[in-house]
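Please read all numbers here as calculations on a predicted model, not as lab measurements. Chain letters run A, B, ... following the sequence lines, proteins first and then strands; every chain starts at 1. Side chains included, hydrogens not; waters and symmetry mates left out as well; all remaining heavy atoms used.
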Amino acid sequence: MTSIRSIKGTQDILPGQSQRWQALETTIRNIMDTYGYSEIRTPAFERTELFSRGVGTETDIVSKEMYSWTDQGGENLTLKPELTAPVVRSFIQHNLGGQSPMNKLYYIDALFRRERPQKGRYRQFHQFGIEAFGSEHPEIDAEVIALAMTVFNNIGLEGLTLKLNSIGSPECRSDYRNALRDFLKPHFSDLSETSQKRFENNPLRILDTKVPHEIEILKDAPQISDSWTAEDKTHFEEVCSFLDEMGIQYSIEPNLVRGLDYYTRTTFEITSTALGAQNAICGGGRYDGLVEMLGGKPTPGIGFAAGMERILLALGNVETNSKTTQVYIVGLGDAVRPTVVKLAEDLRHNNIRTQLDVLRRSMKAQMRDANKSSATIAVIIGDKELKSGLAEIKDLKTGDQEPVKIKGLVDHINSLTL
RNA sequence: GUGGGUGUAGCUCAACUGGUUAGAGCACCUGGUUGUGGUCCAGGAGGUUGUGGGUUCGAGUCCCAUCACUCACCCCA
């Protein structure tokens, strides 16, 4: 009989690791509170159409990475591979825009993409992120970026680079697309196969290339900034000046376009030097046309998503102090079982972290376990103590032991500093 | 989808150019006389060497296949 293993690219988060996750999640939630973002939770799966329309059929995510299936009712469904589209869908469906001109939402959630796993990349992975709907002004761009940086600084991530760019408004982008095509046309035969494909359907992505001779060609290419409208320019400059004002360092990367179709104007990415090839810890940008594209009223929006696994990876294995046991109850013999079971329950109801041996082990084994649990005190109750009505309380640090009335044990333990 | 690396106990690793019964440390369990932890000492359990073939008198070791893990390409968090 072969045992069943977890699916490739998925991982169990075992007790030692789950503490690190909880610490990270707590920090995130606290910071979201201080910035005024509220949590939104969307279903694990959606109609496939949401992603093909929202993210773009030409993107890698939609064209080859989605877990999709047809259910028994004939509907085409997909495990969510990203969260902006589902949050936008929910925003539209519940008319959140109609209830308030500004909506600031955050999430911590699991995502699914069928890629070949490697360091920092998994088939089920987790992101936290925000989506802010309602404002087209650069204040919110700066706030979104600042929030991300605050989380990373707060948890002690070092070696980060914030990369910033603006890909302009849709009008300017179509201008630029033409300019870029005109520029690349003479070099077409020198381009890689993928770049040649992108030449037709998404020429901006060619800017992202890592092929050395393409980078060389692109040196003289027109810049997106050349096609910016006056408003695009002012917008970007204001975002930069707000970041300067807050003391946030960034580097402007004219070729940062990012993979998803819905971005407009501000795009940004935060990378870490502590990771391998998958060094992006956070990515985001503005998507002023997305809400309308998915059937809502025209509403500007901006957000980011950050990879939890990558953050924890970049953070390294730092010690997290877990809540240890305070009281360990050592019970000896059949007669005491009702007493110790009740005692453990009473202590726990008094918020005292209590462990009770449930393996009916020898005293030696129980004491060893008590020591391992790093409990402050052990309460020893056997036949003798039951008869006398006095339990032995042993301080596991000093080894001192004293008898205490079983009747008043909870009060007594409550009065101790554990 | 493509390429590289690695598979020996729960974990970290040994086992010379193929040669007896595959070892150690940590962790785990039991003892060191009645009911007292850590340290120490003694003992125990735990492996079809990922799996299947092949070469050989003989394979953990060599060859082939396969699977898993891992890193990288592509792309992304």
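Side-chain atoms of A:His126 and A:Ile108, non-hydrogen and from C-beta on, never get closer than 4.5 Å to each other. No side-chain heavy atom of A:Glu131 sits under 4.5 Å from any side-chain heavy atom of A:Ile40. Between A:Arg337 and A:Arg360, some side-chain heavy-atom pair lies under the 4.5 Å cut-off. With contacts defined as side-chain heavy-atom distances shorter than 4.5 Å, the pair A:Thr59/A:Phe51 does not qualify. No side-chain heavy atom of A:Asn30 sits less than 4.5 Å from a side-chain heavy atom of A:Asn154. Proximity of A:Val151 to A:Phe128: side-chain heavy atoms (C-beta onward) are separated by under 4.5 Å at one or more points. Put simply, the side chain of A:Met308 reaches to within 4.5 Å of the side chain of A:Ile28, judged on heavy atoms. Two residues are said to be in side-chain contact when any heavy atoms from C-beta on lie closer than 4.5 Å; A:Asn76 and A:Glu49 fail this criterion.
The nearest heavy atom of RNA chain B to A:Met367 and to A:Phe125 marks one nucleotide each, and the one closer to the 5' end goes with A:Met367. Of the residues near RNA chain B, A:Glu309 and A:Gly276, the one whose nearest nucleotide (by heavy atom distance) lies more toward the 5' end is A:Gly276.
A:Asp383 comes within 4.0 angstrom of a base, heavy atoms only. Using a 4.0 Å heavy-atom criterion, one finds that A:Gly129 contacts no nucleic acid atom at all. Using a 4.0 Å heavy-atom distance criterion, A:Gln401 is classed as a base contact. Within the 4.0 angstrom heavy-atom criterion, base atoms lie near A:Gly399. At a threshold of 4.0 angstrom between heavy atoms, the contacts of A:Glu385 include nucleobase atoms, whether or not backbone atoms are also involved. Within 4.0 Å of A:Tyr328, counting heavy atoms only, lies no atom of the nucleic acid at all. Counting non-hydrogen atoms under 4.0 angstrom, A:Ala370 reaches nothing in the nucleic acid.
Contacts between residues 146-162 of chain A and RNA chain B, counted as heavy-atom distances below 4.0 Å, involve no residue at all.
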Side-chain donor-acceptor contacts of residues 405-418 of chain A below 3.5 Å, not counting sequence neighbours, with atom names and distances?
{"from": "A:Asn414", "atom 1": "ND2", "to": "A:Asn350", "atom 2": "OD1", "distance (Å)": "2.9"}
{"from": "A:Ser415", "atom 1": "OG", "to": "A:His412", "atom 2": "O", "distance (Å)": "2.6"}

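The CG atom of A:Leu14 sits 12 Å away from the P atom of B:C11 (whole-angstrom rounding). Here the C1' atom of nucleotide B:G38 and the CG atom of A:Asn371 are 4 Å apart, to the nearest Å. One can place CD of A:Gln11 at 17 Å from P of B:A68, the figure rounded to the nearest angstrom. Computed from coordinates, the A:Glu82 CD to B:C75 P distance equals 18 Å when rounded to whole Å. If you take CD of A:Glu115 and P of B:C71, they are 14 Å apart, rounded to a whole angstrom. Rounded to an integer number of Å, the gap from A:Leu207 CG to B:C75 P is 13 Å. Distance CZ (A:Phe304) to C1' (B:A77): 11 Å, rounded to an integer number of Å. If you take CD1 of A:Ile281 and C1' of B:A77, they are 9 Å apart, rounded to a whole angstrom.
Rounded to whole Å, the C1' atom of B:A42 lies 30 Å from the corresponding atom of B:U49. Atom P of B:G52 sits at a distance of 41 Å from the matching atom of B:U39, rounded to the whole Å. B:U30 and B:A14 have their P atoms separated by 32 Å, with the value rounded to a whole Å. Atom C1' of B:U33 sits at a distance of 24 Å from the matching atom of B:C28, rounded to the whole Å. Taking atom C1' in both B:C76 and B:G10, one finds a spacing of 35 Å when rounded to whole Å. Here the separation of B:A77 from B:G53, taken at their P atoms, is 46 Å to the nearest Å. Rounded to whole Å, the C1' atom of B:U8 lies 22 Å from the corresponding atom of B:C71. Using atom P as the reference point in both B:C57 and B:A15, the two lie 27 Å apart (nearest Å).
Partner of A:Gln366 under the side-chain contact (heavy atoms from CB on, under 4.5 Å) criterion, chosen from A:Leu356, A:Ile329, A:Asp357: A:Asp357.
Of the candidates B:C73, B:C69, B:U36, the closest approach to any side-chain atom of A:Arg5 belongs to B:C69. Relative to the side chain of A:Gln127, the nucleotides B:A77, B:C74, B:C28 differ in distance, and B:A77 lies closest. Closest to the side chain of A:Lys372, out of B:C28, B:C73, B:A77, is B:C28. The side chain of A:Ala280 lies closest to B:C76 when the candidates are B:G35, B:C76, B:A72. Checking B:G32, B:C76, B:G35 against the side-chain heavy atoms of A:Asn279 singles out B:C76 as nearest. If you check B:A72, B:C76, B:A68 against the side chain of A:Arg310, the one that comes closest is B:C76. Across B:G37, B:C73, B:A77, the shortest atom-to-atom separation from the side chain of A:Leu396 is found for B:G37. Side-chain proximity of A:Ile380 to B:A77, B:G35, B:C73: nearest is B:G35. Residue A:Leu332 has its side chain nearest to B:G35 when only B:G35, B:U36, B:C75 are considered.
Taken together, the paired segments of RNA chain B that extend over three or more consecutive Watson-Crick or G-U pairs, each closer than 3.5 Å at both contacts, are B:1-7 with B:67-73, B:10-13 with B:23-26, B:28-32 with B:40-44, B:50-54 with B:62-66.
Between the side chain of A:Lys364 and the base of B:U36 there is no donor-acceptor pair of N/O atoms closer than 3.5 Å. For A:Arg121 against B:C75, a side-chain-to-base donor-acceptor contact under 3.5 Å is present.
A:Thr271 and A:Asn279 share no side-chain donor-acceptor pair at under 3.5 Å.
Ring centroids of A:Phe183 and A:His187 are separated by less than 6.0 Å, placing the two rings close together.
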Given the rule in the side-chain contact (heavy atoms from CB on, under 4.5 Å) test, do A:Ile145 and A:Phe242 qualify, once you have shown the distances and angles that lead to the verdict?
CA-CA 10 Å; A:Ile145 293 169; A:Phe242 292 150; over 6 Å; no

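Remark: A:Gln118 is in phosphate contact with B:C73, judged by side-chain N or O atoms under 4.0 Å from OP1 or OP2. Taking 4.0 angstrom as the limit, A:Lys8 places none of its side-chain polar atoms (N or O) nearer than this to OP1 or OP2 of B:U70. Checking the phosphate oxygens (OP1, OP2) of B:G37, no side-chain nitrogen or oxygen of A:Arg361 falls inside 4.0 Å. Checking the phosphate oxygens (OP1, OP2) of B:C28, no side-chain nitrogen or oxygen of A:Arg368 falls inside 4.0 Å.
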